[in-house]
2 protein chains.
Amino acid sequence: MADTARHSEPRYGNRPTMKDVAARAGVGLKTVSRVVNAEPGVTPDTERRVQEAIDALGFRRNDSARVLRKGRTASIGLVLEDLADPFYGPLNRAVEEVARSHGALLINGSSAEDPDREQELVLALCARRVDGLIIIPAGHDHRYLEPEIKAGVATVFVDRPAGKIDADAVLSDSFGGARSGTAHLVAHGHRRIGFIGDQPRIHTAVERLRGYRAAMAHAGLPVDDSWVSLGTTAPDRVHEAVVSMLKAPEPVTAILTGNNRVTVTVVRALAAHDRPVALVGFDDIELADLLDPGVTVIAQDAATLGRTAAERLFRRLDGAADAPNQVVVPTRLIARGSGELPPSADR
Amino acid sequence: MADTARHSEPRYGNRPTMKDVAARAGVGLKTVSRVVNAEPGVTPDTERRVQEAIDALGFRRNDSARVLRKGRTASIGLVLEDLADPFYGPLNRAVEEVARSHGALLINGSSAEDPDREQELVLALCARRVDGLIIIPAGHDHRYLEPEIKAGVATVFVDRPAGKIDADAVLSDSFGGARSGTAHLVAHGHRRIGFIGDQPRIHTAVERLRGYRAAMAHAGLPVDDSWVSLGTTAPDRVHEAVVSMLKAPEPVTAILTGNNRVTVTVVRALAAHDRPVALVGFDDIELADLLDPGVTVIAQDAATLGRTAAERLFRRLDGAADAPNQVVVPTRLIARGSGELPPSADR
DNA sequence: CATTCACCTGACAACGTTGTCCAGGGCCTA
DNA sequence: TAGGCCCTGGACAACGTTGTCAGGTGAATG
């Protein structure tokens, strides 16, 4: 009864191989290969016999072996920060769409904003010999990628630039977006504007803060330290920041938020507040138009980010060898009400 | 100058192999393998020499080759409907988390609700010899998977059951959720309740419709054909359905929606309507609590779905051989206002 | 000093596929 | 009918890794 496994026991689940198919069809190994790959040079009759054997045995070509022989895996890795963040959904899909159109599969994983985990994941992908990598970096030092890139792994960074290496990157215009969002609030009469952003480790967080400061400076407005809060996007910290900005002796009359998670928390916090406070959020959020007032946002085009990055990656894989460069995707301010509220009466 | 590539040109980007490392370190091939895999039986001195060669050459083990030899790829495939749908984000992440804890990578793709594309994707994953599959099925016939399952590919279906084969499945309680949502509306005095759901090809859509009908029947209420709309979740179709239900001679006073995308569209449509209409939505949506009124929903626990499925998958991979079974994850009704509105005055 | 034994080390085959190359046979033409 | 050519088919090696097994060295023991 016992199926005699020779030494250990590879052969996956005892799947038939081309050899088995060849034996059953009474042809040579290579002929089976030709049929499977629709290569020319096989008589219709022989082809039919081989095909029957394939169907009868339930043979399916082992791409692992194929990859080993051919040197290309037809798969790319996508490392993002959190698979569950709605901002990355459209990006993920756009990348998948492009990969699919190039016949490649997508392997992905989350770094959870942890540089070590990012590196571990990226190197695991390299060990699988993905043809290319699209990375939303969590860390600031990507020199560990140098040997990989030199060995031919095409690499494109998205949303944030690479650290300490020269690589392609596709970024949103964080600085410009934050600046125009802030200017929008200033234009509506606000002079004390708060900024609540993500951790200063994160490139986009810093850029957005810079944009905010630039707009304030341009308007000749001071920025009080108590109006700026950077840190994790955990709801309780953000909530606390909102409360302290509003309870201060010189309370802010408007807030600029640094990303979608912060925006959502701030909307909640402001709903519980008595005076209206203006709000402009970075990243669009679903249903923002249905709230009262609608949430004015600086929308990023996540799908374009992903598509652009993936297209650049495949252009590299097709041999494009021009110097690495950065593409900046513009943002768009969508006015819905919350950013157009006038300053509420002072204390 | 020209690097003489012997025949074609495999060797990825001319990456060093264990052979190269061995030559440089002046040791045998297998010794390098031992060092790389931290196997016992290597003198510290030899190990150091090998390690130096590894670092100098920038060697990284080729897992493709390893996989071929070992028979396990330590990767699983996740096929879902749309990577960008916020409902699948937490599910995706939960699966990834479990995979990660088992040292496996996640390959994923979208079926776009197209059975052919689902099959194509699944078979591509099988050709890569993923160890297991987690599938949110788009099609209704999965007999094409039989040879794969027989060959040892562990397979778990999520959100919707497998078609025509006996396989593990982890489902939400669509029927019970829709029934309790409908009963909730009935309890608040509604007698004419509409249902707007997804395409009847989709299992959950049918189950939810069944739950709705069951609750109506249980309450002794008739269901007029014009109150039920099944089809794509495209906003214009859904919008049209809302309008026609509200403009009918016997207009509905409440609506039950079949999924998150429908709910969002209906919220928009109702906002433009003059009379208040009660609403209960299937699936929770972000910010639902901030709308006015808050949106009452039947919440599904997508993360639990994903985690449960992934855990079952790995239990199978670890050898669990009990009969395939179905797990049903309960839903939870979250009352926020929209589902508690009384029927508005008749015409 | 010889023998045993433990421990390291390396040669070799195998995983399943594809590229190369050659052999055999049929068919056309001279 | 012989010669040559094209078309089909198969043997073989190679991709980079790991399992098996045998050889070799040094220390410990009788």
Side-chain angles (χ1 to χ4, degrees), chain A residues 5-23 25-50 53-54 57 59-74 126-129 151-152, chain B residues 5-50 53-54 57 59-74 126-129 151:
Chain A
R6 288 234 289 101
H7 341 255
S8 45
E9 42 173 331
R11 292 209 57 177
Y12 304 82
N14 265 15
R15 299 197 74 125
T17 73
M18 286 193 176
K19 204 156 132 191
D20 301 323
V21 175
V27 302
L29 191 52
K30 180 64 202 195
T31 301
V32 177
S33 171
R34 274 192 268 262
V35 171
V36 169
N37 294 295
E39 285 173 28
V42 181
T43 344
D45 183 57
T46 310
E47 175 167 356
R48 190 184 43 72
R49 265 198 353 269
V50 171
I54 289 178
L57 295 172
F59 167 80
R60 192 101 58 203
R61 180 179 64 198
N62 183 335
D63 273 359
S64 286
R66 174 168 219 252
V67 150
L68 178 60
R69 188 67 230 267
K70 302 212 91 161
R72 280 238 173 162
T73 57
C126 290
R128 297 295 173 98
R129 295 295 188 267
Chain B
R6 289 234 287 102
H7 341 254
S8 46
E9 42 175 331
R11 291 207 61 175
Y12 304 83
N14 266 15
R15 300 197 74 125
T17 71
M18 285 192 175
K19 204 156 133 191
D20 301 324
V21 174
R24 178 170 182 125
V27 302
L29 190 53
K30 180 65 203 196
T31 302
V32 178
S33 171
R34 275 191 268 262
V35 171
V36 170
N37 295 295
E39 285 174 28
V42 181
T43 343
D45 182 56
T46 310
E47 176 168 356
R48 192 185 42 71
R49 267 203 344 275
V50 171
I54 289 177
L57 295 172
F59 167 81
R60 193 102 59 202
R61 180 179 65 197
N62 183 335
D63 274 358
S64 284
R66 173 170 222 252
V67 151
L68 179 60
R69 188 68 230 265
K70 303 212 89 160
R72 280 243 174 158
T73 57
C126 289
R128 297 298 173 97
R129 296 293 187 270

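A note on names: the letters A, B, ... follow the listed sequences, proteins ahead of strands, and every chain is numbered from 1. Because only heavy atoms are used, hydrogens play no part in the values below, and waters and symmetry mates are left out as well, while side chains stay in.
- Note on B:R66: a side-chain N or O is less than 4.0 Å away from OP1 or OP2 of D:dT18.
- In this structure the side chain of B:R72 never reaches within 4.5 angstrom of the side chain of B:V67, judged on heavy atoms.
- OP1 or OP2 of C:dT18 sits under 4.0 Å from a side-chain N or O of A:N37.
- Side-chain contact check for B:N37 and B:R61: at least one donor-acceptor pair (N or O, by modelled atom type) lies under 3.5 Å.
- Against DNA chain D, the stretch residues 24-34 of chain B makes heavy-atom approaches under 4.0 Å through B:L29, B:K30, B:S33.
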Original post:
How far apart are the C-alpha atoms of B:M18 and B:V36, what are their side-chain angles, what is the distance that settles it, and do they pass the side-chain contact (heavy atoms from CB on, under 4.5 Å) test?
Top reply: CA-CA 9 Å; B:M18 285 192 175; B:V36 170; 4.1 Å; yes

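- Side chain of B:R128 to backbone of A:T73: a donor-acceptor contact under 3.5 angstrom is found.
- Screening B:D20, B:I54, B:V50 for a side chain to side chain contact (heavy atoms under 4.5 Å, CB included) involving B:F59 leaves a single residue, B:I54.
- The interatomic distance linking A:R128 (CZ) with D:dT17 (C1') rounds to 14 Å, in whole Å.
- One interatomic measurement links the two molecules: CZ of B:R15 to P of D:dT17, which rounds to 10 Å at whole-angstrom precision.
- Residue contacts for A:D63: at a heavy-atom cut-off of 4.0 Å it reaches no nucleic acid atom on any strand shown.
- When rounded to the nearest whole Å, the span between CZ of A:R69 and C1' of D:dC12 equals 11 Å.
- Summarising the geometry, the separation between CZ on A:R129 and C1' on C:dT17 is reported as 18 Å, rounded to the nearest angstrom.
- Atom CG of A:N62 is separated from atom P of C:dA14 by 18 Å (rounded to the nearest Å).
- Put simply, CZ on A:R72 is 17 Å from P on C:dT18, counting in whole angstrom units.
- In this structure, A:K70 atom NZ and D:dG16 atom P are separated by 15 Å, rounded to whole Å.
- Contact of the B:R15 side chain with the A:R129 side chain is registered, since non-hydrogen atoms from C-beta on lie closer than 4.5 Å.
- Between B:K19 and D:dT17 there is no side-chain polar atom (N or O) within less than 4.0 angstrom of OP1 or OP2.
- Side chain of A:T17 to backbone of A:K19: a donor-acceptor contact under 3.5 angstrom is found.
- Rounded to whole Å, the distance from CE on A:M18 to P on C:dG19 is 10 Å.
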Within the sub-3.5 Å range, which N or O atoms of nucleotides 5-8 of chain D have a protein N or O partner, and how far apart are they?
unit_1 : atom_1 : unit_2 : atom_2 : d
D:dT8  : O3'    : A:T43  : OG1    : 2.8

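- When the nucleotides D:dG19, D:dG16, C:dG19 are ranked by their closest atom to the side chain of B:E39, D:dG19 comes out on top.
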